[in-house]
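To start, the structure under review is shown below, and the notes come after it.
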Amino acid sequence: MAEMILGIDLGTTNSAVGVVDSGFPILLANEDGRRITPSAVWIGKDGCIEVGEKALRRRAIEPDRVVTSIKRLMGRRMSELEGDFPVPITTGNTETPRVLGKTPEEISAEILREMKRIAEWRMGKEIQKAVITVPAYFHDAQRAATKRAGELAGLEVVRIINEPTAAALAYGLDKLTDKSRVAVYDLGGGTFDLSILEMQDGVFQVLATHGDTRLGGDDLDGLILDWVMERAGISEVDRATRVRLLAEAERVKLALSTDEAATFRVPFYDGSRSLEETISREDLEKLAAPWIGKTLRLCRQALADAALKQDDLNAVIIVGGSTRIPAVRRAVAELFGREPDISQHPDEAIALGATIQGGVLSGALRQMILLDVTPLSLGIETFGGLMNVLIPRNSTIPCKAGEMFTNAADGQAAMCVRVLQGEREMAKDNWELGKFDVAFSPSPKGQTRVGVQFKIDENGILEALARDVATGVDTIIEIGSAAVDVDDAAVETMVSESVEHAFTDMAERVFTEAKMKAEELLPAVEIVLSQGLVKDTEREEIESAVLAVKFALAGGAANPLKAAVQRLDHATEALAARLVEQAMDAALDRQLGS
């Protein structure tokens with residue numbers, strides 16, 4: 001058996017890890033069930049470390065001890081740094097910058113160590129080797145720093161691979177037999193590059209690359225915040241407050257990728273005053289125009305360096321979380337005279353490509369035989385009647401994928417796993433292939449963990465497995481060949497219905513998800529309000545947010561409820577962080593007392 005080699009995308013904003021297992025590249029989810037982990041590190045005063053979502057949750061209390069965007073400092077000297085960094089930077093006797101006493105390599109190593117831990121936890125074995133991606137425009141010192149970070153994390157870095165090459169692998173462009181030229185537009189949280197690759201018979205040659213390792217989504221967050229502060233007449237805030245405000249700017253930016261307007265809202269940002277401004281997508285696009293323009297100039301330069309015109313390209317693919325912004329996609333389409341390929345997940349494509357490269361280096365993919373693809377998505381019904389996809393439509397087989405689920409109610413003693421096939425958002429609109437029950441010991445809501453895995457073998461046989469993590473007991477059913485053997489007319493009907501009902505389906509899903517969140521939040525908030533744990537400065541905003549959620553629930557519309565729940569979640573963020581801190585202090589006091 002080939003030795004496993006991790007594929008890791010060490011991103012400015014998010015990171016991801018994957019492996020090749022049973023001849024198929026898969027990205028691995030963390031304990032929250034997410035394949036993407038924030039590239040955030042909390043460094044406690046006592047030296048304790050937390051990574052990912054746990055680190056981000058610390059920002060409400062200790063914004064000056066949560067490090068993000070560390071990739072921007074990798075391989076750089078103090079004299080090379082430009083602009084503000086969220087956390088103070090210091091230096092010792094050398095030109096190497098330090099953040100909270102640690103070098104950028106040491107902080108990046110914590111993120112890579114978390115990627116390694118997730119992979120080993122998921123795969124149940126120790127893994128020593130990795131392929132790590134870097135922007136094509138990274139110079140030697142930045143690449144060496146990335147490799148050093150991997151070594152500090154306990155990994156043997158067998159290859160540093162350019163992100164555009166990884167993206168091309170993820171899109172399957174190495175399978176093209178005719179000579180093809182492809183542009184890869186990669187706009188992430190902190191870096192941008194445009195690479196033009198020529199591929200033939202699986203061989204990649206970079207014809208030209210241009211980019212900027214200090215241009216990304218972080219800069220747009222700053223532009224949004226500056227615009228809000230100018231509108232509100234605020235000239236300056238302290239560093240800790242700016243971190244909080246930038247987090248809200250990022251939330252608004254993400255919201256405006258799908259919504260026409262969003263509200264920038266930070267209650268009592270300086271202890272007494274609140275900040276609230278409505279931003280339209282049109283406002284954002286005006287702010288973003290010069291920022292997008294910088295990327296387009298670099299694209300034109302790369303085309304000129306490669307002595308190519310737009311018509312000489314066979315495809316344009318876009319990767320990186322910032323390419324979700326509609327204005328970015330329009331600008332890319334206009335520049336290259338064609339719609340960009342968005343068939344891969346923008347946050348996952350690079351990690352998937354790194355995983356494929358790791359599989360090639362280990363030998364795990366050299367003997368892979370691809371026989372067929374899944375014509376429709378496969379998934380299970382989750383709480384609220386939603387369709388949760390495990391294996392997307394057109395996945396190459398053999399393949400397997402899984403996720404972790406928890407009990408939805410207190411005292412629940414079993415879980416019914418309904419195996420579904422189809423492209424609709426709600427379970428009721430898809431086809432049921434089979435179902436089975438998984439029994440477990442009754443426990444409080446969210447405490448029981450059941451892993452569900454789908455596996456399709458080379459013969460098209462779907463096997464569904466559910467495992468009670470506490471006991472290790474597996475429940476398995478074989479579905480037969482229905483996973484791949486579906487009448488073409490039925491597939492066409494299902495796909496066309498999913499397009500026809502796309503807006504109503506998504507609205508129903510958004511409402512259902514927001515309703516579940518509201519039903520979880522409201523009782524908890526009302527208990528806290530009744531116990532007098534809320535500061536007077538917070539109470540009015542929280543009570544107003546509670547009323548808004550109840551009104552939106554009664555209204556039955558998806559977007560107003562989603563916005564109201566987000567408002568309540570945001571209004572109680574500082575309160576929740578304070579209660580967590582109090583609980584931790586109480587637990588520590590009990591521990592010391594005993």
Side-chain angles (χ1 to χ4, degrees), residues 5-19 25-43 49-57 66-75 86 99 102 104-123 127 129-135 138 142-143 145-155 157 159-163 166-167 170 186-191 213 216-218 250 254 319-324 344-358:
I5 298 179
L6 301 180
I8 300 176
D9 173 18
L10 179 61
T12 305
T13 307
N14 297 298
S15 295
V17 61
V19 296
I26 56 171
L27 298 190
L28 303 171
N30 56 28
E31 285 87 344
D32 295 329
R34 298 172 181 167
R35 292 188 289 269
I36 299 297
T37 298
S39 300
V41 180
W42 170 75
I43 304 173
I49 299 287
E50 287 184 350
V51 179
E53 288 290 349
K54 291 180 180 178
L56 289 183
R57 285 195 286 268
V66 178
V67 184
T68 56
S69 302
I70 194 62
K71 185 173 178 177
R72 286 192 157 189
L73 304 186
M74 291 288 281
V99 180
K102 293 185 177 291
E105 292 92 329
E106 289 170 335
I107 295 172
S108 292
E110 296 297 342
I111 301 169
L112 292 170
R113 194 172 286 117
E114 177 68 1
M115 296 297 99
K116 183 176 187 286
R117 184 197 65 78
I118 290 170
E120 291 179 339
W121 169 64
R122 283 292 186 189
M123 304 310 298
I127 306 174
K129 297 181 178 181
V131 170
I132 303 176
T133 63
V134 296
F138 255 22
Q142 291 168 305
R143 292 168 188 269
T146 302
K147 186 173 183 181
R148 173 63 179 154
E151 292 166 352
L152 290 173
L155 291 166
V157 183
R159 182 74 55 85
I160 295 289
I161 178 175
N162 285 342
E163 290 169 359
D186 181 3
L187 182 58
T191 62
T213 55
D218 289 356
E250 181 185 18
L254 297 176
V319 291
S322 296
T323 60
R324 283 194 179 88
Q344 289 292 325
H345 192 298
D347 287 323
E348 297 179 357
I350 290 171
L352 183 61
T355 300
I356 292 169
Q357 180 66 57

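The minimum heavy-atom distance between Ala130 and Ile8, with the atom names listed, is CB-CD1, 4.2 Å. A pairwise comparison of heavy atoms in Asp347 and Gly320 identifies OD1-C, 4.2 Å as the closest pair. Residues Ile132 and Gly150 share a closest heavy-atom pair of CD1-CA, 4.2 Å. Considering every non-hydrogen atom in both Val17 and Ala119, the closest pair reads CG2-CB, 4.2 Å. When all heavy atoms of Ser108 and Ala149 are compared, the closest pair comes out as CB-CB, 3.9 Å. Residue Ala40 comes nearest to Ala55 through the heavy atom pair O-CB, 3.5 Å, listed as atom of the first residue, atom of the second, then distance.
Between Ile43 and Ile49 the shortest side-chain heavy-atom distance falls below 4.5 Å. Thr355 has its side chain out of reach of Ile26: every pair of non-hydrogen atoms, C-beta onward, lies at least 4.5 Å apart. Put simply, the side chain of Gln142 does not reach to within 4.5 Å of the side chain of Pro135, judged on heavy atoms. Taking the side chain as every heavy atom from C-beta outward, Leu352 and Gln344 approach each other to under 4.5 Å. Using a 4.5 Å cut-off on side-chain heavy atoms (C-beta onward), Thr12 and Ser39 make no contact. Counting heavy atoms from C-beta outward, Leu254 and Arg324 have side chains that stay 4.5 Å or more apart. The side-chain heavy atoms of Thr146 and Met74, taken from C-beta on, include a pair separated by under 4.5 Å.
Applying the side chain to side chain contact (heavy atoms under 4.5 Å, CB included) test between Asn14 and each of Ile36, Ile111, Thr37 identifies Ile36 as the sole match.
Under the side chain to side chain contact (heavy atoms under 4.5 Å, CB included) criterion, Val99 pairs with Val67, Ile70, Leu73, Phe85, Val87, Ile89, Ile107, not counting sequence neighbours. Every residue two or more places apart in sequence or in another chain that forms a salt bridge (charged side-chain N to carboxylate O under 4.0 Å, His left out) with Arg113 is listed here: Glu110. Legend: residues meeting side-chain hydrogen bond (donor to acceptor under 3.5 Å, both in side chains) with Lys147, ordered by chain and number and at least two apart, are absent. With sequence neighbours left out, Glu53 forms a side chain to side chain contact (heavy atoms under 4.5 Å, CB included) with Asp32, Arg34, Pro38, Leu56, Arg57. Not a single side-chain hydrogen bond (donor to acceptor under 3.5 Å, both in side chains) links Glu105 to another residue, sequence neighbours left out. For Glu31, the side-chain hydrogen bond (donor to acceptor under 3.5 Å, both in side chains) partners are Arg117, not counting sequence neighbours. Judged as a side chain to side chain contact (heavy atoms under 4.5 Å, CB included), and not counting sequence neighbours, the contacts of Thr13 are Asp218, Glu250. In terms of the side chain to side chain contact (heavy atoms under 4.5 Å, CB included) criterion, residue partners of Glu106 (sequence neighbours excluded) are, by chain and number, Arg98, Lys102, Thr103, Leu152. Looking at residues two or more places apart in sequence or on another chain, you find a side-chain hydrogen bond (donor to acceptor under 3.5 Å, both in side chains) between Glu348 and Arg35.
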Task: Arg143 and Asn162: CA distance, side-chain angles, deciding distance, side chain to side chain contact (heavy atoms under 4.5 Å, CB included) verdict - done: CA-CA 10 Å; Arg143 292 168 188 269; Asn162 285 342; 2.9 Å; yes
Open item on the list: For a side chain to side chain contact (heavy atoms under 4.5 Å, CB included) check, start with the C-alpha distance between Glu114 and Asn30, then their side-chain angles and the critical distance, and finish with the verdict.
Closed with: CA-CA 9 Å; Glu114 177 68 1; Asn30 56 28; 5.5 Å; no
- [ ] Decide side chain to side chain contact (heavy atoms under 4.5 Å, CB included) for Met115 and Leu6; before the verdict, give the C-alpha distance in whole Å, the side-chain angles of both, and the deciding distance to 0.1 Å.
- [x] CA-CA 9 Å; Met115 296 297 99; Leu6 301 180; 5.8 Å; no
Open item on the list: Determine whether Lys116 and Leu155 satisfy the following criterion, side chain to side chain contact (heavy atoms under 4.5 Å, CB included), listing intermediate values before the conclusion.
Closed with: CA-CA 8 Å; Lys116 183 176 187 286; Leu155 291 166; 3.6 Å; yes
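Taking CG of Asp9 as the start and OG1 of Thr133 as the end, the distance is 4.0 Å to the nearest 0.5 Å.
At distances below 3.5 Å, at least one donor-acceptor pair connects side-chain atoms of Arg122 with backbone N or O atoms of Ala29.
The environment of CZ in Arg148 is sparse: at most 12 heavy-atom neighbours from other residues, nucleotides or ligands sit within 6.0 Å.
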